[in-house]
Number of protein chains: 2
Amino acid sequence: MTKKGDKIGHILHVTIDLLSKEGGENLSMRGVAKASNISLSNLQYYYPNKEALLKAAIAQYFSGCQEAIMARMEQSALDQASSGSIFFEQLLDLLLYNAKESDQAIMFREISALSSRNKDLELAIDAYYKDYCAWLTELIRPHAQLPEKIVCLLVPYLEGYAGVGTVLPLSKKEVVQMLLDIIKGTLNPLCSE
Amino acid sequence: MTKKGDKIGHILHVTIDLLSKEGGENLSMRGVAKASNISLSNLQYYYPNKEALLKAAIAQYFSGCQEAIMARMEQSALDQASSGSIFFEQLLDLLLYNAKESDQAIMFREISALSSRNKDLELAIDAYYKDYCAWLTELIRPHAQLPEKIVCLLVPYLEGYAGVGTVLPLSKKEVVQMLLDIIKGTLNPLCSE
DNA sequence: ACCTGAACACCGTTCAAGT
DNA sequence: ACCTGAACACCGTTCAAGT
């Protein structure tokens with residue numbers, strides 16, 4: 001019953017693995033087919049071209065990321081922390097760690113580069129990011145008065161930090177503290193703005 | 001005398017052009033050679049492989065970016081604006097505009113994806129970013145008390161904004177205002193921290 | 001030092017053909 | 001519906017050879 005799903009799942013798993021190991025540039029249909037133990041033509045039956053394969057793999061990857069974050073969130077009992085300070089400290093630690101995790105950082109760079117070449121892929125990725133922003137906004141809402149603003153600060157920042165974080169004049173710890181100060185000081189005023 | 005330099009300059013110019021038009025994935029040595037009106041083998045004489053060509057093209061591109069920012073800075077008479085508020089307003093406008101300029105955003109995505117595949121390229125790019133951070137720090141120093149912190153905020157943020165800016169729940173104008181508030185409120189306290 | 005073309009093993013995609 | 005191999009035009013790189 002789920003045999004077809006399993007096969008496709010396996011293909012996508014292999015694709016993501018190769019994508020993070022060798023990059024989109026070096027990923028080949030033949031390589032994916034070989035690593036999946038199927039023929040090139042068979043792979044092309046499921047994904048008629050490289051773009052279709054990449055699109056499906058990226059979709060799979062994004063949903064995997066959301067699940068991973070959810071899981072770690074529950075694990076660290078983030079929801080229960082009612083105090084705003086502790087909540088954001090944990091969240092930043094989690095998101096920044098996530099951003100620097102080698103595989104993930106590489107994947108996002110590959111994905112964003114691929115999307116800049118491909119309108120279709122870009123739209124799909126934009127949709128995933130919008131989902132992510134909405135999800136993060138609701139996660140933050142109970143702990144802050146301006147969750148949209150905080151999301152607008154954090155999402156681009158973390159995205160950029162994954163790329164240039166290592167060259168900044170401040171350490172990661174100092175950066176986290178700075179972000180916390182910003183969230184506390186500017187974006188979460190006790191009185192209305 | 002400068003004939004060799006001219007030829008190399010032309011090759012790099014053509015490479016950057018093709019890179020931004022077709023992406024690193026679709027850039028070919030043969031394509032660059034053809035567009036440069038030289039033979040493939042001749043191109044390989046100057047750049048023995050694709051990596052060497054890309055590395056040189058990216059170096060050329062980065063220095064071009066610095067020059068462009070400098071030029072626009074002088075043009076907008078940014079240095080003379082002694083008032084901190086006006087200075088940062090102009091700077092953010094300039095940097096955010098720069099970041100969303102289609103060609104540049106695409107180039108940076110290509111570059112960062114290429115660098116994640118190539119340790120050599122990554123080191124070169126890190127060096128350019130460090131330069132950029134140092135340069136921006138000194139530019140900001142006369143107008144703020146914690147220039148390093150502001151750079152640590154702005155550089156990753158602008159980098160990330162180029163990728164995900166369009167999916168955020170706030171408009172670009174609101175984002176600029178938020179950044180200005182942060183700079184004024186948290187990072188540039190009148191009294192010592 | 002500068003430039004050339006032929007040849008190598010690879011690639012994505014197409015296609016006609018099998019079950 | 002699922003799977004196959006041959007063939008197409010392309011690619012990066014190597015190499016022996018010319019000026």
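The figures that follow rest on heavy atoms only: side chains count, while hydrogens, waters and symmetry mates do not. Lettering of chains follows the sequences in order, A, B, ..., and the numbering in each one begins at 1.
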Once you round to the nearest 0.5 Å, how far does [atom1] of [X] lie from [atom2] of [Y]?
X      : Y      : atom1 : atom2 : value
B:N49  : B:L53  : CG    : CG    : 9.0 Å
B:L153 : A:M178 : CG    : CE    : 5.0 Å
A:T166 : A:L168 : OG1   : CG    : 7.5 Å
B:K7   : B:H10  : NZ    : NE2   : 10.5 Å

Discussion item. Mind checking if B:I38 touches a base, just sugar-phosphate, or nothing, with heavy atoms under 4.0 Å?
Written reply: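 The answer is nothing, as B:I38 stays clear of every strand by at least 4.0 Å.
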Item to complete: Identify whether any heavy atom of B:L43 sits under 4.0 Å from a base atom; if not, whether one sits that close to sugar-phosphate; answer base, sugar-phosphate or nothing.
Response: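 No contact at all - B:L43 keeps every heavy atom at 4.0 Å or more from the nucleic acid.
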Interatomic distance where [atom1] belongs to [X] and [atom2] belongs to [N] [whole Å]:
X     : N      : atom1 : atom2 : value
A:L27 : D:dC11 : CG    : C1'   : 16 Å
A:R30 : C:dA9  : CZ    : P     : 14 Å
B:N37 : C:dC2  : CG    : P     : 19 Å
B:I8  : C:dC3  : CD1   : P     : 10 Å
A:L40 : C:dC15 : CG    : P     : 15 Å

Residue pair [X] / [Y], side-chain heavy-atom distance below 4.5 Å:
X      : Y      : answer
B:L179 : B:F88  : no
B:Y157 : A:L154 : no
A:K149 : B:I182 : no

Discussion item. Using atom P in both nucleotides, what's the gap between C:dA17 and D:dC2 to the nearest angstrom?
Written reply: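 Roughly 22 Å separates the two P atoms.
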Worksheet item: Quick one: does B:K50's side chain have a donor or acceptor within less than 3.5 Å of a partner on B:L27's backbone?
Response: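 Between the backbone of B:L27 and the side chain of B:K50 there is a qualifying donor-acceptor contact (under 3.5 Å).
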Fill in: Strand DNA chain D in bracket notation, Watson-Crick/G-U under 3.5 Å with | for pairs to another chain
||.|||||...|||||.||
Any idea which of [options] is nearest the [X] side chain?
X     : options               : result
A:N42 : D:dT13, C:dC3, D:dT4  : D:dT4
A:S41 : C:dG5, D:dG5, D:dT13  : D:dG5
A:S39 : C:dT13, D:dT13, D:dT4 : D:dT4

Discussion item. Does D:dC3 have its OP1 or OP2 closer than 4.0 Å to a side-chain nitrogen or oxygen of A:K7?
Written reply: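 Yes, because at least one side-chain N or O of A:K7 sits under 4.0 Å from OP1 or OP2 of D:dC3.
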Worksheet entry | Those residues of residues 44-59 of chain B lying under 4.0 Å from DNA chain D by at least one heavy atom |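 Within residues 44-59 of chain B, the residues near DNA chain D are B:Q44, B:N49, B:K50.
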Practice prompt. Kindly determine whether B:Y161 and A:E159 satisfy side-chain hydrogen bond (donor to acceptor under 3.5 Å, both in side chains), including the steps that lead there.
Written response: CA-CA 8 Å; B:Y161 188 84; A:E159 199 68 21; over 6 Å; no
